[in-house]
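All values below come from the heavy atoms of this structure, side chains included, with hydrogens, waters and symmetry mates left out. Throughout, protein chains are lettered first and strands after them, A, B, ... in sequence-line order, and every chain is numbered starting at 1. Note that the structure is a prediction, hence the values are computed from the model and not measured.
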Amino acid sequence: SQTIHQWPATLVQPVGSPLSLECTVEGTSNPNLYWYRQAAGRGLQLLFYSVGIGQISSEVPQNLSASRPQDRQFILSSKKLLLSDSGFYLCAWKGRLAGPTRELFFGEGSRLTVL
Amino acid sequence: SQELEQSPQSLIVQEGKNLTINCTSSKTLYGLYWYKQKYGEGLIFLMMLQKGGEEKSHEKITAKLDEKKQQSSLHITASQPSHAGIYLCGADGRTGGFKTIFGAGTRLFVKA
């Protein structure tokens with residue numbers, strides 16, 4: 001069966017420090033991968049998605065970047081965190097079989113607090 | 001760009017009561033998803049609707065997609081404390097399923 005893991009689960013970082021959140025998927029190949037952010041009391045905002053290794057699409061211009069160095073690995077990074085980067089970050093994957101309209105499967109989430 | 005509006009934003013119901021959550025899209029829906037999120041956790045997939053007029057059920061939760069495919073409703077019958085959480089609707093645009101956008105969510109509280 002397929003599983004998705006992201007870490008760390010909780011992170012407290014000072015303003016101006018770097019960030020690296022990692023996500024890995026197991027049990028599937030060539031998935032579409034996603035990073036979402038959920039700010040307090042708000043819905044999910046799509047940050048990045050990837051349809052293949054090295055292929056990254058950015059949805060919102062911001063202080064963050066994403067990379068996909070391996071088929072099932074998706075990394076969210078920042079060189080210098082801002083207070084506004086605080087939030088709950090969710091990694092997700094979607095399979096490619098039987099067309100693009102398929103449900104997303106989400107990781108457990110990473111809560112980032114920037115102080 | 002497509003937007004999803006959910007109503008109500010929050011809901012407090014007595015255990016055993018029925019409730020309905022709505023999701024309205026600014027554009028035609030080509031794939032509508034309902035998820036549940038427990039506070040501070042990831043999203044759990046509930047069901048997906050694609051065809052106008054389609055209706056699906058999972059235990060005591062029923063979701064419908066209207067004929068014009070621009071609105072969906074989620075109905076919970078005889079609510080229980082285990083139903084508490086955030087319900088989010090998500091949608092794929094016409095450009096395909098590469099991007100799924102979400103509504104702001106509906107927070108459901110169930111009083112025992």
Exercise for the section: Using the rule that two of Ile, Leu, Val, Met, Phe, Trp, Tyr join whenever any of their side-chain heavy atoms come within less than 4.5 Å, decide whether B/Met47 and B/Leu19 are in one cluster. Expected result: yes

Handout entry: Separation between CG of A/Leu44 and CD1 of B/Ile86, rounded to the nearest 0.5 Å
Key = 9.5 Å

Practice task
Under 4.5 Å heavy-atom distance to chain A, tell me which part of B/Leu43 shows up: side chain, backbone, both or neither.
Solution key: both

Exercise for the section: Drop me the distance from B/Ile44's CD1 to A/Glu103's CD, to the nearest 0.5 angstrom. Expected result: 12.0 Å

Exercise for the section: Could you tell me which portion of A/Leu46 (side chain, backbone, both or neither) has an atom closer than 4.5 angstrom to a non-hydrogen atom of chain B? Expected result: side chain

Handout entry: A/Gln55, CD atom: more than 12 neighbouring heavy atoms under 6.0 Å
Key = yes

Handout entry: Residue pair A/Phe88 / B/Gln37: nearest heavy atoms and the distance that separates them
Key = CE2-NE2, 3.8 Å

Exercise for the section: Can you tell which part of A/Gln6 gets under 4.5 Å to a heavy atom of chain B, answering side chain, backbone, both or neither? Expected result: neither

Fill in the blank from the handout: What one should report as the nearest heavy-atom pair of B/Glu41 and A/Leu90 is O-CD2, 4.5 Å

Handout entry: Connected-component partners of A/Tyr89 among ILVMFWY, side-chain separation under 4.5 Å
Key = A/Ile4, A/Leu11, A/Val15, A/Leu19, A/Leu21, A/Val25, A/Leu33, A/Trp35, A/Leu47, A/Phe48, A/Ile56, A/Leu64, A/Phe74, A/Leu76, A/Leu81, A/Leu83, A/Trp93, A/Phe105, A/Leu112, A/Val114

Handout entry: Donor-acceptor contact present, side-chain B/Tyr35 to main-chain A/Leu104, <3.5 Å
Key = yes

Exercise for the section: I would like to know whether B/Thr100 and A/Lys94 meet side chain to side chain donor-acceptor pair (under 3.5 Å); could you show each step before the answer? Expected result: CA-CA 10 Å; B/Thr100 303; A/Lys94 178 184 291 196; 3.1 Å; yes

Exercise for the section: Would you indicate whether A/Leu82, at its atom CG, is surrounded by more than 12 heavy atoms from other residues, nucleotides or ligands within a distance under 6.0 Å? Expected result: yes

Exercise for the section: Using atom types as modelled and distance alone, determine if a side-chain donor or acceptor of B/Tyr33 lies under 3.5 Å from a backbone N or O of A/Arg102. Expected result: yes

Exercise for the section: Give, as side chain, backbone, both or neither, the part of B/Gln9 having an atom under 4.5 angstrom from any heavy atom of chain A. Expected result: neither

Practice task
Would you check if A/Glu59 and B/Ile101 make a side-chain contact, meaning some heavy-atom pair closer than 4.5 Å?
Solution key: no

Exercise for the section: Please say whether more than 12 non-hydrogen atoms of neighbouring residues, nucleotides or ligands are located less than 6.0 Å from CD1 in A/Ile53. Expected result: yes

Problem - B/Lys56 atom NZ, over 12 foreign heavy atoms within 6.0 Å - result: yes

Problem - Residue pairs passing the side-chain hydrogen bond (donor to acceptor under 3.5 Å, both in side chains) test where at least one lies in residues 10-20 of chain B, sequence neighbours excluded - result: B/Thr20-B/His75

Problem - CD (B/Glu5) with more than 12 external heavy atoms under 6.0 Å - result: no

